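This structure is a prediction, so every number in the text was calculated from the model and none was measured.
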Amino acid sequence: MKRIAILASGSGSNAENIARYFSGSGFAEVSFIISNNPEAYVIERAKNLGIECAVVTKAEFMEADKVIAMLRERDIDFVVLAGFLLLVPAKLIQAYPGKIVNIHPALLPKHGGKGMYGDRVHRAVVESGDTESGITIHLIDEQYDQGTTFFQAKCPVLPTDTADDVAAKVHALEYEHFPAVIERMMRTLL
């Protein structure tokens, strides 16, 4: 059984969706969640799902040794960023080469990079007049939103759509595709 750790900074709806997808799969399980935000609702979701959860400071995360030790102690095979807002340090990437995946709420390379997350991305999509948006699932590297793209899914953006409308469409794509793509990536890369 492969073991997945999820890194999340906020609500954790994608983390919960991924955990439920793998629950009872026989292939993999979400066995650990790390948050850098002690107020994040993902911590409550982890408790409700019976998944071990830890909170680390930004400094601890950026230094990486503590995080790497926690992941290794739990025999983690694959790391998933699900609404995690910190840049992953090189030391952690080197400890899990080709085994850390992120989801971005736009069609990279558009609307990516430092500071482009959540509603900021959806507002940028609307303000730019884009006719489509979507999700990009990619391996991470040492730059924001620059790693190798593994999967994209698109949705239309209508001239009347607000950032909230785009967000709803993108969230639907996340919930539909992210867990299955994680499984495909793990079967391909591990």
Taking only residues two or more places apart in sequence or in another chain, which ones pass side-chain hydrogen bond (donor to acceptor under 3.5 Å, both in side chains) with [X]?
X: Glu29; result: Arg3
X: Lys2; result: none
X: Ser128; result: Asp130
X: Glu174; result: Asn14, His171

Kindly indicate whether the side chain of [X], heavy atoms from C-beta on, has any atom under 4.5 Å from the side chain of [Y].
X: Ser11; Y: Val42; result: no
X: Ile4; Y: Asp77; result: no
X: Lys91; Y: Ile68; result: yes
X: Ile137; Y: Val101; result: yes
X: Asn37; Y: Val55; result: no

(message) I'd like to know if the side chain of Ser133 and the backbone of Ala106 have a donor-acceptor N/O pair within less than 3.5 Å.
(response)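 No, because the side chain of Ser133 does not come within donor-acceptor range (under 3.5 Å) of the backbone of Ala106.
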(message) Taking Leu108's backbone N and O only, do any of them form a donor-acceptor pair with Thr136's side chain (distance below 3.5 Å, no angle check)?
(response)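 Yes: the side chain of Thr136 pairs with the backbone of Leu108.
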(message) Enumerate the ring-ring contact (aromatic ring centres under 6.0 Å, His included) contacts for residues 107-138, please, sequence neighbours excluded, ordered by first and then second residue.
(response)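 Checked against ring-ring contact (aromatic ring centres under 6.0 Å, His included) - neighbours excluded - no pair reaches residues 107-138.
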(message) By the ring-ring contact (aromatic ring centres under 6.0 Å, His included) test, which pairs, at least two apart or in different chains, include something from residues 84-108?
(response)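 ring-ring contact (aromatic ring centres under 6.0 Å, His included) check on residues 84-108 returns Phe61-Phe84.
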(message) What's the separation between atom CG in Leu92 and atom CG in Leu87, rounded to the nearest 0.5 Å?
(response)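 Rounded to the nearest 0.5 Å, the CG-CG separation comes to 10.5 Å.
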Side chain to side chain contact (heavy atoms under 4.5 Å, CB included) partners for [X], two or more places apart:
X: Ala54; value: Phe32, Met70
X: Asp165; value: Asp161, Thr162
X: Lys58; value: Met62, Leu86
X: Asn17; value: Tyr175, Pro179

(request) Any pair with a residue in residues 41-55 that passes salt bridge (Lys or Arg N to Asp or Glu O under 4.0 Å), sequence neighbours left out, goes on the list, sorted by first then second residue, please. (result)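 Those involving residues 41-55 are Glu16-Arg45, Glu52-Arg74.
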(message) Once side-chain hydrogen bond (donor to acceptor under 3.5 Å, both in side chains) is applied, what residue pairs with a partner in residues 177-190 remain, sequence neighbours excluded?
(response)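 Residue pairs with at least one partner in residues 177-190: Tyr21-Glu183, Glu183-Arg187.
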(message) According to a hydrophobic-cluster definition based on side-chain heavy atoms being under 4.5 Å apart (Ile, Leu, Val, Met, Phe, Trp, Tyr only), do Val30 and Met186 belong together?
(response)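 Cluster IDs for Val30 and Met186 match.
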